[in-house]
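Letters A, B, ... are given to chains in the order of the sequence lines, protein chains preceding strands, and every chain is numbered from 1.
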Number of protein chains: 2
Amino acid sequence: MKQEERSQETRSRILQAAERSFAERGYDITSVDSICRAAEISKGGFYHHFPSKGAVFAALLDAWLARLDAGFLRAKEGHARVPDQIAAMAASIDSIYDLAGSSWNILLEVWAKARTDPAAQASTLTTLRRYQRFFAELLQRGVDEGSLTVDDVELQARVLLSAVLGLLLQGILEGGSADWGRETKRTVSFMMDGVVRRTR
Amino acid sequence: MKQEERSQETRSRILQAAERSFAERGYDITSVDSICRAAEISKGGFYHHFPSKGAVFAALLDAWLARLDAGFLRAKEGHARVPDQIAAMAASIDSIYDLAGSSWNILLEVWAKARTDPAAQASTLTTLRRYQRFFAELLQRGVDEGSLTVDDVELQARVLLSAVLGLLLQGILEGGSADWGRETKRTVSFMMDGVVRRTR
DNA sequence: TAATATAGACCAACCAGTCGGTTTGTTATT
DNA sequence: AATAACAAACCGACTGGTTGGTCTATATTA
């Protein structure tokens, strides 16, 4: 096997093992040794690829945020009218639950770490504000194209964002049962119809 | 000083010190030694009062939930009409922020721990469901007394609960700035007026 | 041979919890 | 009131075990 290829593979094995353990057991409890065991790698290998345990977490967080960004772009590129786009987003909720599985758990880990780690806090707040802007722009577009009636865009966007965050949090705490995915979808659909009043 | 009095005092000193450190630095990072130092107590004293570090956390959680229960009872005893009661609750939001200060931080710690610790998960889920029921009953009472129009009580209660949770989460992550308290209050007020439509 | 990748023994720091012993407060006895 | 007997509160050195990280040696690739 080529060198770079091999290196890349072990690196991703480490990341995978770390992500699983961080999500399932939490950052602090997860030891570097256990990551090495799960990744079938030695400690030397680990520290050859990453300078510290925290660096692995940071890399994981970056990857997560990058995936989120990709989702943003895709959502923005859709040229459907806003109510339809919102409906589509709501419909895709439970597939997101399935797809990501327990990987949402790491979100809670990030939030918990954000209280201590300034870097984690910064990227968390940045992400939240980006979501806020995303929702606000979506609603504004709806107003502009005449498909929505919204009194206060920023405020309503915050309500939407908060509710989604709350649902996500509950979903994580519930342990990601299939039931919860369905309930979440129902709730979001209702919210979209109720909170965001369509223009008559 | 009397024996029981003294004992009670050191016990509460331990609890106070532990709460602060758990909230500021997190459960795992906080060492028993540091708690002892902050409480100006020896390790022997610590383990005289509590069987383990986890027991301190559990005691803290119980106290927190008890305070929550007290709040519930007070809210239920109010005999105002539902829209007024909701308005009053919204108005008291930022005072809650001030009062509790950083003690909300411990909520995030509980949530993070809930993924690992079955006891923490159980009490977290129980609390969430109790809140869900609380909101649902509140809305139902509004419908019964003819002051609210609500399509689906359970669903709308979930929206309310989720949004409040999301706001709380953001508040904790923001570090509890005064700004956020005001914004939260505005958002909740708006939500109460918007999501829960008054009967015309 | 040179550079990169992996191995695993090793280390200092730290941590939760223990234990033998001391101080302080309470109760019973004289 | 003085003392003895007891129990609860407290102390801090110590232990067994774990942790994140280092270092030297070996293997693989270029």
Side-chain angles (χ1 to χ4, degrees), chain A residues 1-61 106 109-110 112-113 116-120, chain B residues 1-61 109 112-113 116-120:
Chain A
M1 203 192 285
K2 271 197 186 158
Q3 202 166 85
E4 197 194 314
E5 196 181 338
R6 181 164 56 117
S7 175
Q8 198 65 26
E9 209 219 77
T10 43
R11 198 188 134 93
S12 79
R13 267 222 309 284
I14 293 172
L15 284 171
Q16 253 178 277
E19 177 163 19
R20 263 186 60 136
S21 191
F22 287 163
E24 280 175 14
R25 274 181 288 278
Y27 176 83
D28 287 312
I29 289 171
T30 297
S31 72
V32 175
D33 274 313
S34 79
I35 296 175
C36 292
R37 234 174 294 130
E40 288 175 309
I41 207 81
S42 72
K43 222 156 183 194
F46 180 95
Y47 280 98
H48 175 73
H49 287 281
F50 296 95
S52 71
K53 180 185 170 187
V56 177
F57 187 84
L60 242 28
L61 182 54
I106 213 162
E109 204 57 35
V110 175
K113 214 165 177 294
T116 310
D117 179 355
Chain B
M1 206 193 283
K2 270 194 189 158
Q3 201 164 89
E4 199 195 313
E5 197 181 334
R6 180 162 59 114
S7 174
Q8 199 62 26
E9 210 219 76
T10 45
R11 199 188 133 93
S12 80
R13 266 220 313 283
I14 293 172
L15 285 171
Q16 254 179 277
E19 178 163 20
R20 263 186 62 134
S21 191
F22 287 162
E24 281 174 15
R25 276 181 285 278
Y27 176 83
D28 286 312
I29 289 172
T30 297
S31 72
V32 174
D33 275 311
S34 79
I35 296 175
C36 292
R37 234 174 294 130
E40 289 176 307
I41 206 81
S42 73
K43 217 152 186 197
F46 180 96
Y47 279 99
H48 175 73
H49 286 283
F50 295 96
S52 71
K53 181 183 168 187
V56 177
F57 187 84
L60 243 27
L61 182 54
E109 204 57 35
K113 214 165 178 290
T116 309
D117 179 355

Practice item. Heavy atoms of chain B, cut-off under 4.0 Å: which first and last nucleotide of DNA chain C, 5' to 3', fall inside that, if you could look? Key: C:dC15 to C:dT26
Point to revise | Separation of D:dT18 P from A:I35 CD1 (nearest whole Å) | key: 17 Å
Check your understanding: Checking all strands, does B:K43 fall into the base, sugar-phosphate, or nothing category for heavy-atom contacts under 4.0 angstrom?
Key -> base
Revision key, fill the gap. Rounded to whole Å, NE2 of A:H49 lies from P of D:dG21 at a distance of 17 Å
Check your understanding: For A:D28, which residues count as a salt bridge (charged side-chain N to carboxylate O under 4.0 Å, His left out) partner, sequence neighbours excluded?
Key -> none
Exercise for review: Please name the pair of heavy atoms, one in A:F50 and one in A:I14, separated by the smallest distance, quoted to 0.1 Å.
Suggested key: CE1-CG2, 3.8 Å
**Study point:** Separation of D:dG20 C1' from A:I29 CD1 (nearest whole Å)
**Key:** 16 Å
Exercise for review: Answer yes or no: is there a side-chain heavy-atom contact under 4.5 Å between A:T116 and B:R25?
Suggested key: no
Review point. Starting at OH of A:Y47 and ending at P of D:dC23, how long is that distance when rounded to a whole Å?
Key: 13 Å
Point to revise | Gap separating the CG atom of B:L61 from the CZ atom of B:F22, nearest 0.5 angstrom | key: 11.5 Å
Check your understanding: What is the minimum heavy-atom distance between B:C36 and B:S42, and which atoms define it?
Key -> SG-O, 3.8 Å
Exercise for review: Quick one: label A:T30 by what it contacts on the DNA or RNA (base, sugar-phosphate, nothing), any heavy atom closer than 4.0 Å.
Suggested key: sugar-phosphate
Check your understanding: To the nearest Å, how far apart are A:Q8 CD and D:dT29 P?
Key -> 16 Å
Exercise for review: List the atom of A:I35, the atom of A:F46, and the distance in Å for their closest heavy-atom pair.
Suggested key: CG2-CE1, 4.1 Å
Review point. Tell me: NZ of A:K53 to C1' of D:dT22, nearest whole Å?
Key: 17 Å
Practice item. Measure the distance from CG on B:D33 to P on D:dT18 and round it to the nearest whole Å. Key: 18 Å
Exercise for review: Salt-bridge test for B:R13 and B:E9: reply yes if a basic N is under 4.0 Å from a carboxylate O, no otherwise.
Suggested key: yes
Review point. Of B:Y27 and A:T10, whose nearest nucleotide on DNA chain C comes first from the 5' end?
Key: A:T10
Got a list of protein N/O to nucleotides 5-8 of chain D N/O distances below 3.5 Å?
none

Review point. When the distance from CD1 of B:I14 to C1' of D:dC10 is rounded to whole Å, what number comes out?
Key: 10 Å
Review point. Atom CD in A:E24, atom CD in A:E19: separation rounded to 0.5 Å?
Key: 10.5 Å
Revision key, fill the gap. Correct closest heavy-atom pair for A:K53 and A:T30 would be NZ-O, 2.8 Å
